[in-house]
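Because the structure is a prediction, the values reported are computed rather than measured.
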Protein chains: 2
Amino acid sequence: MPRPRSLTQDRIAAAALAVIDRDGLAALSMRAVSTELGVSTMALYRYVDDRRELEGLVVELVLGGVDVSPPSEGAWQERIAVLVGRMRDHVGAHPEAVPLTMIHRHGSAGVLRWSEAVLAILAEAGLDGPERVIALRGLLSYVIGAVQLEHLGPLSGEGTAAMAGLSPAEFPHLAETAGHARLVGADEEFRGGLAMVLRGIRAGAGPFRSRGGRG
Amino acid sequence: MPRPRSLTQDRIAAAALAVIDRDGLAALSMRAVSTELGVSTMALYRYVDDRRELEGLVVELVLGGVDVSPPSEGAWQERIAVLVGRMRDHVGAHPEAVPLTMIHRHGSAGVLRWSEAVLAILAEAGLDGPERVIALRGLLSYVIGAVQLEHLGPLSGEGTAAMAGLSPAEFPHLAETAGHARLVGADEEFRGGLAMVLRGIRAGAGPFRSRGGRG
DNA sequence: AATCTTAGGCGTATGCCGTACACCTATGAG
DNA sequence: CTCATAGGTGTACGGCATACGCCTAAGATT
């Protein structure tokens with residue numbers, strides 16, 4: 001009967017993500033999103049309860065786009081690495097939104113579907129029970145932390161700059177490592193760390209323990 | 001010559017942390033901290049440039065208290081686990097401040113000293129060059145992610161609740177795993193995940209590769 | 001003791017923010 | 001053509017960080 005809706009949650013999320021990508025996360029506000037859409041600020045509240053929900057929509061937009069179809073080829077470690085890589089790529093495409101994805105990650109349908117896909121591969125690799133729980137959560141932990149380290153750490157370059165100027169007397173190893181760190185690219189670091197974690201997953205740690213693929 | 005200072009950065013940081021611990025991170029404001037100290041809001045600006053710096057002080061207060069003296073006993077994996085555990089304990093003692101520690105982690109002197117201690121052990125274990133960089137960053141990633149998963153994830157209980165009510169048809173593994181997850185305590189999960197990561201660190205992967213302690 | 005100098009402390013004001021509320025209006029149904 | 005209804009909007013409020021300028025306490029100097 002009444003007048004029809006002129007917006008959708010999808011359009012609102014897209015507008016919010018556009019603001020974030022263009023002007024940074026700090027510029028995200030209900031006012032900014034409404035301006036982006038050419039409507040009044042309060043119009044948004046016909047579609048979302050509050051700012052939190054809007055942020056959730058943005059995260060779902062980013063994380064929901066991850067392809068969770070299980071890779072068919074390669075050892076189980078390799079297949080998990082593909083799934084993890086897809087997640088990293090999608091999040092990394094919107095670096096300014098990274099803090100949001102961290103805050104609203106729980107309850108995201110995208111993350112749930114991703115977790116399901118990873119679990120399937122872990123199960124196939126011979127893990128079950130608490131060990132599979134720990135493997136999944138450990139992988140999630142690594143991904144969350146690594147993405148943040150990559151995108152939040154060097155935000156200001158403070159960390160790297162601070163490391164470069166350390167007194168070698170007080171921080172001998174750190175000073176030396178800072179030199180090597182510059183030679184390790186972000187991709188290499190991520191893949192290397194992931195390989196490390198995957199190597200640590202004990203596949204088939206049942207009564208008949210058999211070490212996984214490429215030890 | 002003029003009147004002496006009545007506050008210190010330490011007292012301000014302690015007051016801010018008290019506000020956070022008591023009323024939550026959302027309640028942290030320049031006003032709240034100044035009230036806590038019994039001074040005017042603007043008085044704080046004689047000691048910190050802005051809110052960001054105040055948050056940094058809080059993080060330093062939390063992270064700077066971590067004992068980074070290297071444990072003398074045990075395999076290198078065990079000694080790193082002790083250092084990691086100390087970090088987790090300090091951060092976990094102020095769960096509401098966790099997001100702050102993540103945002104301001106870089107450039108924290110406490111984290112630098114901790115990293116130095118971990119690097120020393122990794123070096124002793126036979127790692128060097130890029131591999132040591134990756135091992136350190138991988139460990140940091142795991143710790144950051146795990147702490148967040150532990151303290152931010154279950155904040156609202158949304159995630160767990162959502163998992164419990166999943167359709168077993170669409171998420172067969174996740175639904176089953178949710179059951180096991182309830183049996184795994186937070187400590188067990190953290191230690192298990194850490195053991196997994198440590199297991200994946202290739203010690204002494206130089207020309208004369210020798211596998212580390214307790215494979 | 002009196003004064004001066006100077007930085008610490010504070011009150012006020014500005015421009016953001018999220019959002020509650022009441023109002024107006026476009027619209028499809030009848 | 002009318003009307004009920006939900007969508008869209010304008011205004012207003014309280015809270016935030018913080019820029020600015022004033023007042024004042026207290027050590028240094030006389």
Evaluation steps, side chain to side chain donor-acceptor pair (under 3.5 Å), between A:S69 and A:D67: CA-CA 6 Å; A:S69 62; A:D67 176 10; 2.7 Å; yes
Can you tell me the distance, in whole Å, between the CG atom of A:L44 and the C1' atom of D:dG10? 15 Å
Taken to the nearest whole Å, CG/A:L54 to P/C:dG18 is 9 Å
Considering the options A:V143, A:V197, A:L140, A:L198, which one meets the side chain to side chain contact (heavy atoms under 4.5 Å, CB included) requirement together with A:V84? A:V143
dist A:L37:CG -> A:R11:CZ (nearest 0.5 Å) comes out at 5.5 Å
Expressed in angstrom and rounded to an integer, what is the separation of A:R51 atom CZ from C:dT19 atom P? 8 Å
Contacts of A:A43 and B:D49 projected onto DNA chain D by closest heavy atom; the upstream (5') one is A:A43
Just to confirm, is there a sub-4.0 Å distance from OP1 or OP2 of D:dG8 to any side-chain nitrogen or oxygen of A:Y45? no
Can you build the contact string for nucleotides 21-30 of chain C? Use B for base contact, S for sugar-phosphate-only contact, and - for no protein heavy atom under 4.0 Å. B---BBBBS-
Please answer whether the main-chain N or O of B:G110 pairs with a side-chain N or O of B:E60 as donor and acceptor at a distance below 3.5 Å. yes
Nearest whole angstrom, please: distance from the C1' of D:dG8 to the CG of A:L7. 10 Å
Does the B:R5 side chain pair with the main chain of B:R46, one donor and one acceptor, at a distance under 3.5 Å? yes
Euclidean distance, A:E73 CD relative to A:E78 CD, rounded to 0.5 Å: 10.0 Å
With a 4.0 Å limit, can you tell me whether A:S40 has a side-chain N or O closer than that to the phosphate oxygens OP1/OP2 of D:dG8? no
Rounding to a whole Å, what distance do you find between B:D50:CG and D:dC20:C1'? 17 Å
Tell me if a side-chain donor or acceptor on B:R105 pairs with a main-chain N or O of B:M102 at a distance below 3.5 Å. yes
Rounded to whole angstrom units, what separation is found between the CZ atom of A:R31 and the C1' atom of C:dA20? 13 Å
Would you say A:S29 reaches C:dC17's phosphate, i.e. side-chain N/O to OP1/OP2 under 4.0 Å? yes
Over how many whole Å does the gap from B:M30 atom CE to C:dG11 atom C1' extend? 16 Å
Taking CD from B:E55 and C1' from D:dC16, how many angstroms apart are they, rounded to a whole number? 13 Å
